Amino acid sequence: MIKLIKSTFYNEKITKKKLCNFIMKTEQMSIGKNVSQFENDFSKWQGRKYSVMFNSGSSANLALVQVLVNLGKIKPGDSVGFSALTWATNVMPIITMNLKPIPIDIETDTLNISSKKVIESYNKHKFKCLFITNLLGFSDDIDNIRKFCISKKILLIEDNCESLGTEYKGEKLGNFSLASTFSFYVGHHLSTIEGGMVCTDDKEIDTMLRIVRSHGWDRHLTLDEQSALRKKYKVDDFYGKYTFYDIGYNFRPTEIQGFLGSDQLKYLDAMVSKRETNYKKFEKIYLNSDFIKMDTSKLTKISNFAFPLICKDKKTRDNYIELAKKAEVEIRPIVAGSINNQAFFGKYVSKKFLLKNAEMVHNNGFYFGNNPDLTEKEIQILVKTFS
Ligand SMILES: Cc1ncc(COP(=O)(O)O)c(C=O)c1O
């Protein structure tokens with residue numbers, strides 16, 4: 001079976017050995033200096049001022065929306081636009097925080113929202129915030145989306161959980177927005193087993209992220225930030241230990257995740273480059289007219305962890321599901337598909353949205369895994385199966 005996920009780590013054996021040594025010699029396993037080290041390393045790699053690590057990408061997404069609410073940048077009742085083809089836990093915080101979810105349809109040849117679709121939706125819904133998802137290592141014209149958001153004072157936030165390392169016209173995805181989220185789940189580009197990150201260049205957001213990550217208290221702020229808060233709320237050192245300043249959660253990662261993050265980051269460029277080489281080989285499959293070719297013309301680097309195949313109709317897609325079974329290739333739907341079709345969305349959002357392209361991808365699409373450990377033989381089997 002050619003599985004989606006072949007290993008937990010890049011350089012699995014050595015990494016597991018290093019992990020055993022780390023555990024044997026480390027006293028404090030709860031959040032500490034290894035998490036801070038990874039945050040600094042990641043900021044440098046991504047090219048952002050601040051990074052705050054979380055225990056998952058979903059926690060990072062929830063925390064980021066909570067931060068915008070805590071800071072009064074968005075308020076209950078405000079509309080929030082988001083990519084209709086995304087992950088469920090991006091949309092759930094919008095619902096639970098009493099914001100109005102506005103799904104925006106995607107383009108079938110990038111699987112992402114375009115400025116055209118954003119403008120069409122904005123003219124109807126006037127959303128205050130746009131939560132874009134960079135799906136499967138691709139993006140549409142995100143530079144124009146950024147320009148439009150600036151011109152209309154729309155808060156742009158970016159879910160980059162599936163596109164760590166992709167560059168659009170030479171600029172890393174995850175750097176187009178006020179803040180962006182990442183996932184280090186084992187199946188993604190870099191694994192800390194479970195883990196996530198939020199990056200931003202905004203100090204106020206960085207500080208609030210640290211409050212939201214840890215119960216709403218000030219424990220992981222700088223001494224200056226702590227004393228400013230304690231002065232504002234007239235809190236002394238004794239009560240300072242258990243004073244909770246705003247809505248928060250416990251989304252802290254462990255030192256194990258921090259250690260793994262810094263370790264795996266050393267291999268990230270190599271992993272991205274292997275995935276890109278694989279992607280170029282898989283592109284031959286698009287010569288098969290059963291599939292829509294993805295438009296990657298504006299991507300200067302493609303960091304893709306699963307190769308999408310969108311058929312012209314459902315019957316053709318069903319034939320390929322059978323073929324994949326016979327060839328022993330693990331395949332999956334295109335992420336969460338059209339959000340309209342998700343049970344939780346139907347339960348909590350009564351309004352129906354026209355999402356023609358997301359619907360088409362939901363009905364006719366699937367993907368197989370693209371990971372850096374694929375052998376040449378497996379790559380050839382994949383190309384042959386779908387060509
Ligand atoms: C686009 C996107 N965002 C967020 C997440 C959630 O990340 P995690 O699994 O780390 O919670 C996923 C999960 O796969 C995802 O695909």
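All ligand and atom numbering here is 1-based and tracks the order in the structure. Please read all numbers here as calculations on a predicted model, not as lab measurements.
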Taking atom NZ of K293 as the centre, report whether more than 12 heavy atoms of other residues, nucleotides or ligands fall under 6.0 Å from it. yes

Side-chain donor-acceptor distances from residues 22-32 under 3.5 Å, at least two apart:
residue, atom, partner, partner atom, Å
T26, OG1, F22, O, 2.5
Q28, NE2, S30, O, 3.0
Q28, NE2, I31, O, 2.7

Partners of F344 by ring-ring contact (aromatic ring centres under 6.0 Å, His included), sequence neighbours excluded? none

Can you work out which protein residues put a heavy atom within less than 4.0 Å of ligand 1? S56, G57, S58, N61, W87, N90, T133, D159, C161, E162, S183, Y185, H188, G195

State, without any angle test, whether E158 and N134 hold a side-chain donor-acceptor pair at a distance under 3.5 Å. yes

Does the side chain of T316 come under 3.5 Å of the side chain of D290 through a donor N or O and an acceptor N or O? no

For residues 118-129, which side-chain donor-acceptor pairs fall under 3.5 Å, sequence neighbours excluded?
residue, atom, partner, partner atom, Å
N123, ND2, I119, O, 3.4
K126, NZ, N123, O, 3.3
K128, NZ, D78, OD1, 3.4

